[in-house]
Visitor: 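Please see the structure below; I have some questions.
Just so it is clear, the values below take in all heavy atoms, side chains as well, and ignore hydrogens, waters and symmetry mates.
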There are 2 protein chains.
Amino acid sequence: MEEIEIIHSIRKFNRNYVRSIGLLEKTFLNTGYSLTESHILYIVKEQGKTTATDINKVLNLDEGYLSRIIKKLISNSILTKEKSEDDKRVFKISLTERGIKEQQKLDELSSVSVAGIISHLSLPEQEELAHSFNNIMRLLYGE
Amino acid sequence: MEEIEIIHSIRKFNRNYVRSIGLLEKTFLNTGYSLTESHILYIVKEQGKTTATDINKVLNLDEGYLSRIIKKLISNSILTKEKSEDDKRVFKISLTERGIKEQQKLDELSSVSVAGIISHLSLPEQEELAHSFNNIMRLLYGE
DNA sequence: ATAAATACTTGATATAGGCAAGTAAATTTT
DNA sequence: AAAATTTACTTGCCTATATCAAGTATTTAT
């Protein structure tokens, strides 16, 4: 296979996939959260008590933008922050009770959405699909 | 493989890929065009003389939004429109000379960007990658 | 002839995202 | 140990992206 074909395959995928799966829409699965917000909540769930900086090691957002999103999520009682003991520049961020529930709801909705997208496939086909996605992850990000 | 693992694989990919490849950024590859604008130009190149409706069969944007983007691209001399003969509600849209050049530039930049992303891989790995992307395209969209 | 559907436009508004400057605390340099 | 630099986060200001609803003109269906 020539490089031009390889690039062509990837670009074709890029054009189609992101849009078809709704990742460009302003609100994520009509939840009232943006894709970025839902990613932040996912990361806070994963990392437990964390910091804006640590969140941004994953997301690489504009710092000011991230700060504002966190502020908003705090004012909506989804997140809380407390000043760190050892480094007074830092705020420890975590999910509130309500935040945990909301995150789980988003998680569930996301899974249902993906389930819908692959529902027309047989189980072997779904497995093949997962295998291809895993393959890409491994090749691009080494995991 | 269980369904939950399959869904997990896909969601993991979704979380990582879109962001890593820069498809969420406001301007596409620092070109001054948005991702959506560059998709529109790509489609007009592919379809030749076409219409807003036909573009939107691919992109599914808000009609008003698409109308405005086209308007902007026309005022920047990237696109032109002329009233259709047979259906007077319809405008035929096409690339101007300048539009053709701009589209080619975007095309080239996009390819270079993808080339960069896969540059750390060996050719066999790149082929495997392309194969995985093709596989996903086939399974999800039947091509 | 009337109603309904299609193709496109416009107004108003929300939200996402980007850039730059600024504060405060920690770390490094000299 | 004072000065300079870096790090963590915030705020102001702005633009672009996207959404929703209503409106016009033309075509198709009843």
Side-chain angles (χ1 to χ4, degrees), chain A residues 18-19 22-41 43-44 47 49-76 79-94, chain B residues 18-19 21-41 43-44 47 49-76 78-94:
Chain A
V18 183
R19 230 171 259 283
L23 260 32
L24 259 39
E25 256 118 69
K26 215 156 229 182
T27 125
F28 180 58
L29 303 170
N30 292 315
T31 54
Y33 294 92
S34 71
L35 179 67
T36 300
E37 285 168 344
S38 92
H39 275 182
I40 289 171
L41 297 184
I43 290 165
V44 178
Q47 299 188 348
K49 194 169 282 191
T50 185
T51 67
T53 299
D54 281 340
I55 292 171
N56 227 11
K57 277 173 191 156
V58 183
L59 295 184
N60 279 305
L61 305 169
D62 175 81
E63 282 175 280
Y65 180 39
L66 175 57
S67 175
R68 259 183 265 267
I69 293 178
I70 289 171
K71 191 177 170 188
K72 176 187 159 193
L73 291 171
I74 288 170
S75 81
N76 292 351
L79 295 178
T80 38
K81 72 173 176 184
E82 51 176 304
K83 223 169 191 135
S84 167
E85 291 296 302
D86 31 305
D87 187 336
K88 285 174 182 168
R89 294 168 304 178
V90 173
F91 291 93
K92 295 284 186 183
I93 291 163
S94 43
Chain B
V18 182
R19 232 170 259 283
I21 212 164
L23 259 32
L24 259 41
E25 256 119 70
K26 218 153 225 180
T27 126
F28 181 58
L29 302 170
N30 293 316
T31 53
Y33 295 93
S34 71
L35 179 67
T36 300
E37 284 169 346
S38 93
H39 276 182
I40 290 170
L41 296 184
I43 290 166
V44 178
Q47 299 188 348
K49 193 170 286 190
T50 185
T51 67
T53 299
D54 281 340
I55 292 171
N56 227 12
K57 277 173 191 156
V58 183
L59 295 184
N60 279 304
L61 304 169
D62 175 83
E63 281 176 281
Y65 181 39
L66 176 56
S67 175
R68 260 182 265 265
I69 294 178
I70 289 171
K71 191 176 170 189
K72 176 188 160 193
L73 291 171
I74 288 170
S75 81
N76 292 351
I78 306 297
L79 295 178
T80 38
K81 72 173 177 183
E82 51 175 303
K83 223 171 192 133
S84 168
E85 293 294 305
D86 30 308
D87 186 337
K88 284 173 184 170
R89 295 168 305 178
V90 173
F91 290 94
K92 295 284 185 181
I93 291 162
S94 43

Visitor: Counting heavy atoms from C-beta on, name the nucleotide in C:dG17, C:dC8, D:dT17 closest to the side chain of B:T51.
Guide: C:dC8
Visitor: When you measure from the side-chain N and O atoms of A:K81 to the phosphate of D:dA8, is any distance below 4.0 Å, counting only OP1 and OP2?
Guide: no
Visitor: What verdict does the side-chain contact (heavy atoms from CB on, under 4.5 Å) test give for A:L73 and A:Y33, after you've listed the backbone C-alpha separation in whole Å, the side-chain angles of each residue and the deciding distance to 0.1 Å?
Guide: CA-CA 10 Å; A:L73 291 171; A:Y33 294 92; 4.1 Å; yes
Visitor: Go through the N and O atoms of the side chain of A:K88 and the base of C:dA24, and report whether any donor-acceptor pair is under 3.5 Å.
Guide: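 In this structure, the two groups form no donor-acceptor pair.
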Visitor: If you find the nucleotide of DNA chain D closest to A:V90 and the one closest to A:E25, which residue's nucleotide is nearer the 5' end?
Guide: A:V90
Visitor: Walk me through whether B:I40 and B:L66 qualify under side-chain contact (heavy atoms from CB on, under 4.5 Å).
Guide: CA-CA 9 Å; B:I40 290 170; B:L66 176 56; 3.6 Å; yes
Visitor: Would you please test B:I78 and B:E37 for side-chain contact (heavy atoms from CB on, under 4.5 Å) and show each step?
Guide: CA-CA 11 Å; B:I78 306 297; B:E37 284 169 346; over 6 Å; no
Visitor: Without decimals, in angstroms, what is the distance between B:K71 NZ and D:dT17 P?
Guide: 16 Å
Visitor: What is the distance, to the nearest angstrom, from the CG atom on B:L61 to the C1' atom on C:dT9?
Guide: 15 Å
Visitor: Can you tell which of B:N60, B:L61, B:L23 makes a side-chain contact (heavy atoms from CB on, under 4.5 Å) with A:R19?
Guide: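 Among B:N60, B:L61, B:L23, the one that satisfies the side-chain contact (heavy atoms from CB on, under 4.5 Å) with A:R19 is B:L61.
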Visitor: Please report, rounded to the nearest Å, how far the P atom of D:dT11 is from the CD1 atom of A:I70.
Guide: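 Computing the A:I70:CD1 to D:dT11:P distance gives 12 Å.
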Visitor: Are A:K72 and C:dG17 close enough that a side-chain N or O sits under 4.0 Å from OP1 or OP2?
Guide: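 No.
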Visitor: Expressed in angstrom and rounded to an integer, what is the separation of B:I55 atom CD1 from C:dA7 atom C1'?
Guide: 13 Å
Visitor: Start at the 5' end of DNA chain C and walk down; is the nucleotide closest to A:L35 or to B:S67 reached first?
Guide: B:S67
Visitor: For A:L73 and D:dC9, give me the distance from atom CG to atom C1', rounded to whole Å.
Guide: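 Taking atom C1' of D:dC9 as the reference, CG of A:L73 is at 16 Å.
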Visitor: Mind calculating the distance between CG (A:N56) and P (C:dG17) to the nearest angstrom?
Guide: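 Computing the A:N56:CG to C:dG17:P distance gives 13 Å.
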Visitor: Between A:D87 and A:R19, name the one whose nearest nucleotide on DNA chain D is closer to the 5' end.
Guide: A:D87
Visitor: In this structure, how many angstroms lie between the P atom of C:dG11 and the OH atom of B:Y65, rounded?
Guide: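 One finds 18 Å between P of C:dG11 and OH of B:Y65, rounded.
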Visitor: Quick one: label A:D62 by what it contacts on the DNA or RNA (base, sugar-phosphate, nothing), any heavy atom closer than 4.0 Å.
Guide: base
Visitor: Could you state the CZ-C1' distance from A:R89 to C:dT27, rounded to the nearest angstrom?
Guide: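 Distance, rounded to whole Å: 8 Å.
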Visitor: Do A:V90 and A:T53 come within less than 4.5 Å of each other through their side chains, counting heavy atoms only?
Guide: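 They are not in contact (no side-chain heavy atoms under 4.5 Å apart), so the answer is no.
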Visitor: What does A:T36 touch in the nucleic acid at a heavy-atom separation under 4.0 angstrom: a base, only the sugar-phosphate, or nothing?
Guide: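 Sugar-phosphate contact only - A:T36 comes under 4.0 Å of backbone atoms but never of a base.
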Visitor: Could you check whether A:D54 gets within reach of a base, just the sugar-phosphate, or nothing at all, counting any heavy atom under 4.0 Å?
Guide: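 No contact at all - A:D54 keeps every heavy atom at 4.0 Å or more from the nucleic acid.
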Visitor: Take A:K83 and B:N30, find for each the nucleotide of DNA chain C with the closest heavy atom, and name the residue whose nucleotide sits nearer the 5' end.
Guide: B:N30
Visitor: Quick one: does A:K26 reach the base of D:dT19 with a side-chain donor-acceptor pair under 3.5 Å?
Guide: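 Donor-acceptor pair under 3.5 Å: no.
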Visitor: Does the C:dG17 base have a donor-acceptor partner in the side chain of A:R68 within less than 3.5 Å?
Guide: no
Visitor: Step by step, would you call B:L35 with B:T27 a side-chain contact (heavy atoms from CB on, under 4.5 Å)?
Guide: CA-CA 7 Å; B:L35 179 67; B:T27 126; over 6 Å; no
